[in-house]
Amino acid sequence: MPFHRLLQFFSSQNASTRLSAGAPHPLGATWDGRGTNFALFSANAQKVELCLFDSQGRRELERLTLPERTEDVWHGYLNDVTPGQLYGYRVHGPYEPERGFRFNAHKLLLDPYAKRLAGRLVWSDAHFGYRTGGPKADLSFDRRDNARGMPKSVVVDEAFTWGEEHRPLAPWEDTIIYEAHVKGLTQLREDVPRGWRGTFRGLEKSKHVQNPRRLRVGVRRADGS
């Protein structure tokens, strides 16, 4: 067997041990402390490829087909992907502009559920799925890879490190849930540092929150929008 065939065989074997079905929810990239689950919605796709990039986002290191589809969610779990990994998607499907389908796997796509992006968009007409200025206009098909000019989605660790913070452990019968519009609550307050106004962090300095504390009620949760 030629060497390149052997390399492809062992690479596919390695990928199969790293990549499993995963789960359709939550959508996006979810790190669980051991590996990362990837889930993407597409009702009309025929195949979804996950593209992994180097730390600079310049070189595509690997392209893996998400192995499972649950209803209209494509998903897979990689047991060696950790926070900081840059990624994107290539989605295969029909290219029939007359019917509203413009799938083009030559174009790298951002994860619409990404919690963080790396890099910046370097604009060029290579981002279009069709050849601009051509005789067929937007009915044409562009085969240029746009990945170098695209920002990349990033796997993040959503775990909150509590540090020295402790739960108040207030009994439910003594608990008050304090609901507020966070931005409106602190945006114009002079007693909140300017850079903190309109944020959850600004609640630390706001007298609105300090007053319930002085009343010794168990404010267990602040809901804001």
Side-chain angles (χ1 to χ4, degrees), residues 11-12 14-95 100-130 141-161 199-201 225:
S11 295
S12 64
N14 182 51
S16 67
T17 61
R18 297 166 49 222
L19 181 63
S20 58
H25 297 288
L27 295 171
T30 305
W31 187 64
D32 63 5
R34 294 172 296 178
T36 301
N37 190 78
F38 294 89
L40 178 73
F41 173 88
S42 180
N44 297 295
Q46 296 167 346
K47 182 172 76 170
V48 174
E49 291 179 311
L50 171 67
C51 304
L52 303 180
F53 288 83
D54 65 13
S55 60
Q56 302 300 314
R58 296 174 183 169
R59 187 162 60 96
E60 185 176 324
L61 303 175
E62 199 168 7
R63 194 178 297 187
L64 302 163
T65 300
L66 293 184
E68 293 293 331
R69 179 179 182 177
T70 302
E71 295 180 344
D72 291 330
V73 178
W74 302 77
H75 53 94
Y77 181 90
L78 272 172
N79 63 18
D80 59 351
V81 167
T82 57
Q85 175 66 58
L86 274 57
Y87 71 99
Y89 289 110
R90 297 182 188 273
V91 182
H92 299 253
Y95 190 83
F101 296 128
R102 292 183 176 273
F103 289 90
N104 187 337
H106 297 284
K107 309 302 177 181
L108 185 77
L109 304 178
L110 292 172
D111 184 351
Y113 316 102
K115 302 172 183 69
R116 180 182 158 200
L117 300 178
R120 62 186 182 89
L121 177 68
V122 179
W123 181 251
S124 75
D125 62 3
H127 294 300
F128 290 106
Y130 55 89
F141 187 79
D142 190 294
R143 290 179 169 79
R144 290 174 294 172
D145 188 344
N146 70 331
R148 287 296 296 267
M150 281 288 289
K152 308 301 185 296
S153 305
V154 186
V155 176
V156 301
D157 180 6
E158 291 188 277
F160 178 74
T161 302
T199 69
F200 278 97
R201 193 177 185 186
S225 58

Where is the tightest heavy-atom contact between [X] and [Y], given as atom of each residue plus distance?
X      : Y      : answer
Glu60  : Cys51  : OE2-SG, 3.7 Å
Ala39  : Pro24  : CB-O, 3.5 Å
Gln46  : Pro94  : NE2-CD, 3.8 Å
Val91  : Ala45  : CG1-CB, 3.5 Å
His75  : Pro67  : O-CD, 3.3 Å
Gly129 : Asn104 : O-ND2, 3.2 Å

Once you round to the nearest 0.5 Å, how far does [atom1] of [X] lie from [atom2] of [Y]?
X     : Y      : atom1 : atom2 : value
Leu52 : Phe38  : CG    : CZ    : 6.0 Å
Ser42 : Leu109 : OG    : CG    : 9.5 Å
Tyr89 : Leu40  : OH    : CG    : 5.5 Å

Listed once per pair and sorted, the side chain to side chain donor-acceptor pair (under 3.5 Å) pairs that draw on residues 29-38, sequence neighbours left out: Asp32-Tyr77
Side-chain donor-acceptor pairs under 3.5 Å in residues 110-123, sequence neighbours left out?
| unit_1 | atom_1 | unit_2 | atom_2 | d |
| --- | --- | --- | --- | --- |
| Asp111 | OD1 | Tyr113 | N | 2.9 |
| Asp111 | OD2 | Tyr87 | OH | 2.7 |

Is the backbone N or O of [Y] less than 3.5 Å from a side-chain atom of [X], with the two atoms forming a donor-acceptor pair by type?
X      : Y      : value
Lys107 : Phe128 : yes
Arg148 : Met150 : no
Lys152 : Leu86  : no
Asn146 : Leu108 : yes

For [X], which residues count as a salt bridge (Lys or Arg N to Asp or Glu O under 4.0 Å) partner, sequence neighbours excluded?
X      : result
Arg144 : Asp125, Asp142
Asp80  : Arg18
Arg102 : Asp138

Using side-chain contact (heavy atoms from CB on, under 4.5 Å) as the criterion, list what pairs up with Glu49, not counting sequence neighbours. Lys47, Arg63, Thr65, Arg90, His92
Step by step, work out the side chain to side chain contact (heavy atoms under 4.5 Å, CB included) result for His25 and Thr70. CA-CA 10 Å; His25 297 288; Thr70 302; over 6 Å; no
Residue that, paired with Gln85, satisfies side chain to side chain contact (heavy atoms under 4.5 Å, CB included) out of Val155, Leu78, Asp54: Val155
